[in-house]
Student: 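Let me begin by handing over the structure; questions about it come next.
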Amino acid sequence: MTDLDRSLIVSFHDLHPGSRAACQRFIDLAAEAGVPRLSLLVVPRWHGGRPFDQDPDFVAWLHQLADAGHDLCLHGDTHAAEEIRGGPVARLMARYYTNSEGEFYQLTRSEAEKKLEDGLERFSSSNLPVHGFTAPAWLLSPPARVALQNRGFHYNTLLGQVELLQENRPIAAPTLVFSCRSGWRRVVSRYWTRFWMRVQAGAPVLRLAVHPCDLEHPSILNSVICLLHRAVKDRRPMTYRDLAPASASSLTPLG
């Protein structure tokens, strides 16, 4: 595993054919800022729509990105919670905090295994590499985590850390992330990310998570670029894949 001191991991979330243009735009902006490789979080069937492996142009583009050193990460299956369960607090989290997108938040182990296999099948049918997982909204039920570890995933990301699953090793890695769902959220998150970056100045690994909607709001996008330029002054860019052992192989579906 690479030395982590003063590292920066930049990820682009919610990648699917409909967000390809936004992702390519951000890849270009990140490269200009000094971050040549990103972790790209791919959703196999965005909100239950057409699977990405049925779009040859999109798959060819993902191959180009993987060949260029970008890390392709499995990001849920549909990115939408099919059922909201539990008591008032759990239901509040599932419906409002995640905007009903906490797909892996309340899954049983068998439900998680089924979704993971579906996602891996999409990558395998496209001959694309995948080593790690990020749950939508970073919310993962304990049974789903067991499914990830048993299935051989090398890493899993949470809001405040990255887990090296096969080593049972958590790595503290605070995340800078924006919220775009309303005007007041956009204002607050711009100030919060700046504050949080100062608080976490000494963190060995710092992460910046970008969503397609961030590029739709000039104030947010400007804040993202400013944070990037500030972070690369004293941090070395890397990807989640770089955290896994060099010998770690890409996952393939069972059977």
Side-chain angles (χ1 to χ4, degrees), residues 11-24 26-27 38-67 70-83 94 98-141 143-158 163 165 209-213 239-241 244 248-255:
S11 59
F12 185 91
H13 292 228
D14 304 352
L15 179 53
H16 57 94
S19 62
R20 171 181 171 177
C23 181
Q24 184 61 64
F26 182 65
I27 288 173
L38 310 179
S39 285
L40 307 175
L41 278 54
V42 182
V43 182
R45 300 182 295 125
W46 177 252
H47 284 211
R50 183 188 183 198
F52 80 77
D53 60 329
Q54 294 182 13
D55 187 329
D57 289 340
F58 183 73
V59 170
W61 178 68
L62 289 181
H63 272 285
Q64 293 174 5
L65 297 177
D67 291 344
H70 295 283
D71 168 36
L72 304 182
C73 173
L74 179 60
H75 189 35
D77 186 32
T78 66
H79 207 283
E82 298 172 1
E83 182 181 353
T98 72
N99 198 28
S100 298
E101 291 191 324
E103 181 184 12
F104 277 70
Y105 176 45
Q106 298 174 317
L107 293 187
T108 65
R109 179 172 167 180
S110 62
E111 290 170 337
E113 289 172 343
K114 182 177 179 180
K115 284 179 174 289
L116 293 173
E117 288 304 320
D118 180 78
L120 290 176
E121 180 60 41
R122 307 296 173 189
F123 277 85
S124 179
S125 66
S126 305
N127 197 29
L128 289 166
V130 61
H131 297 84
F133 182 81
T134 297
W138 291 287
L139 294 176
L140 186 72
S141 69
R145 186 191 181 279
V146 171
L148 282 174
Q149 187 174 40
N150 290 348
R151 187 58 185 81
F153 280 84
H154 300 294
Y155 70 76
N156 170 54
T157 80
L158 302 171
E163 297 180 306
L165 292 169
V210 175
H211 293 77
C213 64
T239 70
Y240 291 128
R241 170 66 182 86
S249 59
S250 175
L251 280 79
T252 57
L254 295 173

Student: Can you tell which of Leu74, Val59, Leu251 makes a side-chain contact (heavy atoms from CB on, under 4.5 Å) with Phe123?
Tutor: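 Filter result, single survivor: Leu74.
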Student: Would you sort out whether Phe58 and Leu15 count as a side chain to side chain contact (heavy atoms under 4.5 Å, CB included), showing the intermediate values?
Tutor: CA-CA 10 Å; Phe58 183 73; Leu15 179 53; 4.1 Å; yes
Student: For residues Thr78 and Val43, report the shortest heavy-atom separation together with the two atoms involved.
Tutor: C-CG1, 3.8 Å
Student: Which class fits the ring pair His211 and His13: parallel under 30°, tilted 30 to 60°, perpendicular over 60°?
Tutor: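 Tilted.
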Student: With no hydrogens and no angle check, is any side-chain donor or acceptor of His154 less than 3.5 Å from a backbone partner on Val130?
Tutor: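 Answer holds: no.
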Student: Does Arg151 reach the side chain of Leu120, with side-chain heavy atoms less than 4.5 Å apart?
Tutor: yes
Student: Indicate yes or no: at least one non-hydrogen side-chain atom of Lys114 is less than 4.5 angstrom from one of Asp77.
Tutor: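 SC-SC contact between Lys114 and Asp77 ruled out.
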Student: Checking Asp14 now: which residues fulfil salt bridge (Lys or Arg N to Asp or Glu O under 4.0 Å) with it, not counting sequence neighbours?
Tutor: none
Student: Provide the closest heavy-atom pair for His75 versus Ala135 in the form atom of the first, atom of the second, distance.
Tutor: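 For His75 versus Ala135, the nearest heavy atoms are CE1-O, 3.8 Å.
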Student: Which value, rounded to the nearest 0.5 Å, describes the distance between Tyr240 atom OH and Asn156 atom CG?
Tutor: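 Taking OH in Tyr240 and CG in Asn156, the distance rounds to 10.0 Å.
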Student: Has the side chain of Ser141 got a donor or acceptor atom that lies under 3.5 Å from a matching backbone atom of Ala144?
Tutor: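 Pair found, side chain donor or acceptor close to backbone of Ala144.
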Student: Minimum heavy-atom separation for Gly76 and Pro136, please, with both atom names.
Tutor: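 Scanning both residues completely, I find the closest heavy atoms to be CA-CD, 3.9 Å.
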Student: Can you confirm whether Ile27 sits close enough to Leu65 that some side-chain heavy atom of one is under 4.5 Å from a side-chain heavy atom of the other?
Tutor: yes
Student: Sequence neighbours left out, what passes side-chain hydrogen bond (donor to acceptor under 3.5 Å, both in side chains) with Arg20? Give chain and number order.
Tutor: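 So Arg20 forms no side-chain hydrogen bond (donor to acceptor under 3.5 Å, both in side chains) with any residue.
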Student: To the nearest 0.5 Å, how far apart are CG in Leu165 and CG in Asn150?
Tutor: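 One gets 10.0 Å once the value is rounded to the nearest 0.5 Å.
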Student: Could you check whether any side-chain heavy atom of Arg241 comes within less than 4.5 Å of a side-chain heavy atom of Leu72, counting everything from C-beta outward?
Tutor: no
Student: Taking all non-hydrogen atoms of both residues, which atom of Glu111 and which atom of Gln106 are closest, and how far apart?
Tutor: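 Closest approach of Glu111 to Gln106: OE1-O, 4.3 Å.
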Student: Hey, mind stepping through Asp118 and Arg122 against salt bridge (Lys or Arg N to Asp or Glu O under 4.0 Å) and telling me if it holds?
Tutor: CA-CA 7 Å; Asp118 180 78; Arg122 307 296 173 189; 3.2 Å; yes
Student: Check the pair Trp61, Asp57 against side chain to side chain contact (heavy atoms under 4.5 Å, CB included), reporting the backbone distance first and the verdict last.
Tutor: CA-CA 6 Å; Trp61 178 68; Asp57 289 340; over 6 Å; no
Student: State the CG-CZ distance between Leu116 and Phe133, to the nearest 0.5 angstrom.
Tutor: 5.5 Å
Student: Checking Gln54 side chain against Pro51 main chain: does a donor-acceptor pair fall under 3.5 Å?
Tutor: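 No, the answer is negative, given that no donor and acceptor are paired below the 3.5 Å cut-off.
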Student: CG/Leu38 to OG1/Thr239 distance, rounded to the nearest 0.5 angstrom?
Tutor: 9.0 Å
Student: As an exercise, state the distance from CZ of Arg50 to CG of Asp55, rounded to the nearest 0.5 Å.
Tutor: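 Arg50 CZ to Asp55 CG: 5.0 Å, rounded to 0.5 Å.
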Student: Would the distance check show the side chain of Glu117 and the main-chain N or O of Leu254 forming a donor-acceptor pair, the cut-off being under 3.5 Å?
Tutor: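 Yes, because the side chain of Glu117 sits within donor-acceptor range (under 3.5 Å) of the backbone of Leu254.
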Student: Between Ser250 and His131, is any pair of side-chain heavy atoms under 4.5 Å apart?
Tutor: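 Yes - at least one pair of side-chain heavy atoms lies under 4.5 Å apart.
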Student: Are any of the side-chain heavy atoms of Leu140 and Leu148 separated by less than 4.5 Å?
Tutor: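 Leu140 vs Leu148: side chains touch.
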Student: Find the distance between CZ (Phe12) and CD (Gln24) and round it off to the nearest 0.5 Å.
Tutor: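 Between Phe12 CZ and Gln24 CD, I get 10.0 Å after rounding to 0.5 Å.
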Student: The test is salt bridge (Lys or Arg N to Asp or Glu O under 4.0 Å); show your working for Glu113 and Arg109 and say whether it passes.
Tutor: CA-CA 6 Å; Glu113 289 172 343; Arg109 179 172 167 180; 3.0 Å; yes
Student: Parallel, tilted or perpendicular: which one describes the rings of His79 and Trp46, with boundaries at 30° and 60°?
Tutor: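 Judged by the thresholds at 30° and 60°, the geometry between His79 and Trp46 is tilted.
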Student: Can you find a pair of side-chain heavy atoms, one from Ser126 and one from Leu62, that are under 4.5 Å apart?
Tutor: no
